[in-house]
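Reviewing the structure listed below.
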Amino acid sequence: MDTSQLALLALLLGAVIGGSAALVIMLAIRARDRARIETSSEIPAGVREVLHGMDDAAIVIDASSTVLAASAAAVPFHLDEGSVLSSDELRGIARRVRSSESAVTATLRLRRGAPPAEPRLVVVRATRISARLTLLVLRDITERERVEQMRRDFVANTSHELKTPVGAVSLLAEAIESAADDPDQVRDFAGRLTAEAARLAQLTSRIMNLSRLQATDEFTDEREVAVDEIVASAVEAHAIQAGSTGVEIVRGGERGLYVRGDAQVLSEAIANLIANAIAYSPRGSSVGVGVKSVENVVEIAVTDRGIGIAEGDQERVFERFYRADQARSRRTGGTGLGLAIVKHAVQRHGGEVRLWSRPGRGSTFTIRLPLIDPPVDQVQPKKRRKKKRATPAAASHPTNGAPA
Ligand SMILES: Nc1ncnc2c1ncn2[C@@H]1O[C@H](COP(=O)(O)OP(=O)(O)OP(=O)(O)O)[C@@H](O)[C@H]1O
Ligand SMILES: [Mg+2]
């Protein structure tokens, strides 16, 4: 081996040793960085930005349960940056996730807003980011749970209410069969069977109406609706009922007002109020249907001088299947759904229902809806409204004054 070969070999050896040393140093630096991230309470780059882009409440906490970063939705839950988790349950979840490899999910109640506020139902999902950092994502499921509960109640109430007429129908059918030889009895049972069947038909159609109103879909038939038109069709729908009980329906107030919505649904709501006013009034009394505009609201009031509603029942009459006087209501064929339908129909139109009543003196139900300008082709030059009313009132109007 000559000197030039020796030099080349030395060069090669030097390169290999140098290269390995550099590699070892690089690996060591990487491992140190990783260890630093594992044990530091510094938030990795980008996490804050991700939190800010989230709709859900989300926070990153350190090992002492101090909030290091929070999404905007976390703040109302008192989970601001720099605060320490005050909920024992949340701290427990954070502890559990720190000592395990997998994510932890739990459902719990957390207060949102100032103390009188109702606690919210939230699903918390906790994930370990590093040895010291934990990510908690909170999803508020209060509303979803409420709707689900309402649906369950509705199904339960409905099945219960349907049982009575269905049972009656089958009993009457049996009775007819066993009385086959007695024409008078057969006629009597058949008449009652027809009445039960009619009641069943009314009940199912009302249940369908109500569930349609409770669905979240938009109305398909929304347009400018003349209040005169819906009031007239509601009054007309009960002309026979009024006539047969000797009740006079008196229509009064302003004309030419307009609202936006589904004419059929609104007319049915008014009709339900008129039906009640007639049903719960003595023979020969009068029922008033008055219309007036108050600022940007149309008020349609149905007034009777009937039996009235006790104070304790005034909130409850809007509940599904609630009847203040079970016996009387059953005699009048009531399903207890009329006012629930009114309430939902009006709420869907951005309005509210108000009730004034005194037992023995009578009741006034007032439907309040956002007033709109008359459609252009309906405006007569001298009747044109002032500019002030040009905007629909929906946005500024309370959505619900009626009890839930
Ligand atoms: N104008 C009224 N005067 C007195 N009580 C009323 C009046 N309107 C409603 N109520 C009471 O409120 C209850 C609920 O009314 P709602 O219209 O929801 O049901 P209903 O009349 O019993 O049955 P339906 O589904 O056939 O209308 C009634 O059973 C009645 O006790
Ligand atoms: Mg009714």
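Atoms within each ligand, like the ligands themselves, are counted from 1 in listed order. Keep in mind that what you see is a predicted model, and the values were worked out from it rather than measured.
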For ligand 1, does D304 get within less than 4.0 Å through its side chain, its backbone, both, or neither, judged by non-hydrogen atoms?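 Looking at D304 and ligand 1, just side chain atoms fall under 4.0 Å.
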
Side chain, backbone, both or neither: the part of A324 lying under 4.0 Å from ligand 1 by heavy atom: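 Answer for A324: both.
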
Nearest option to atom 10 (N) of ligand 1, as decided by whichever heavy atom of T335, V302, I309 sits closest: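 Among T335, V302, I309, the closest heavy atom to atom 10 (N) of ligand 1 comes from I309.
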
Counting heavy atoms only, which of Q202, R323, R206 is nearest atom 27 (O) of ligand 1?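 The residue whose heavy atom sits nearest atom 27 (O) of ligand 1 is R206.
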
Contact flag T335/the Mg ion (ligand 2), N/O/S atoms, threshold under 2.8 Å: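 Of the N, O and S atoms in T335, none lies under 2.8 Å from the Mg ion (ligand 2), which means no.
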
Acceptor/donor pairs from residues 109-124 side chains to any protein atom, 3.5 angstrom cut, sequence neighbours excluded:
unit_1 : atom_1 : unit_2 : atom_2 : d
R111   : NH1    : P115   : O      : 2.8
R111   : NH1    : A117   : O      : 2.6
R112   : NH1    : D140   : OD2    : 3.4
R120   : NE     : D140   : OD2    : 2.8
R120   : NE     : T142   : OG1    : 3.4
R120   : NH2    : D140   : OD2    : 3.4

Report the residues that fulfil side chain to side chain donor-acceptor pair (under 3.5 Å) with D80, sequence neighbours left out, ordered by chain and then residue number.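 Result, side chain to side chain donor-acceptor pair (under 3.5 Å) vs D80: none returned.
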
Run the salt-bridge test on D184 and R187 with the 4.0 Å N-O cut-off and return the result as yes or no.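 Yes, charged N to carboxylate O under 4.0 Å.
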
Quick one: do K292 and E254 make a salt bridge, cutoff under 4.0 Å?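 Here K292 does not pair with E254 in a salt bridge, since their nearest N and O are not under 4.0 Å apart.
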
Any side-chain heavy atom of Q347 within less than 4.5 Å of one from E352?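 Answer no - side chains too far apart.
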
Element-labelled atoms of ligand 1 that are located less than 4.0 Å from some non-hydrogen atom of [X]:
{"X": "I307", "result": "4 (C)"}
{"X": "F365", "result": "1 (N), 8 (N)"}
{"X": "Y322", "result": "13 (C), 14 (C)"}

Quick check: A340 and ligand 1, any N/O pair under 3.5 Å apart?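 Looking only at distances, the answer is no, because the N/O contact criterion of under 3.5 Å is not met.
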
Any chance you could measure K343, atom NZ, to I341, atom CD1, to the nearest 0.5 Å?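 One finds 12.5 Å between NZ of K343 and CD1 of I341.
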
Side-chain donor-acceptor pair present, R152, Q149, cut-off under 3.5 Å: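 A donor-acceptor contact under 3.5 Å links the two side chains.
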
Looking at ligand 1, would G336 count as a contact under a 4.0 Å heavy-atom criterion?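 In this structure, G336 qualifies as a contact of ligand 1 - some heavy atom is under 4.0 Å.
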
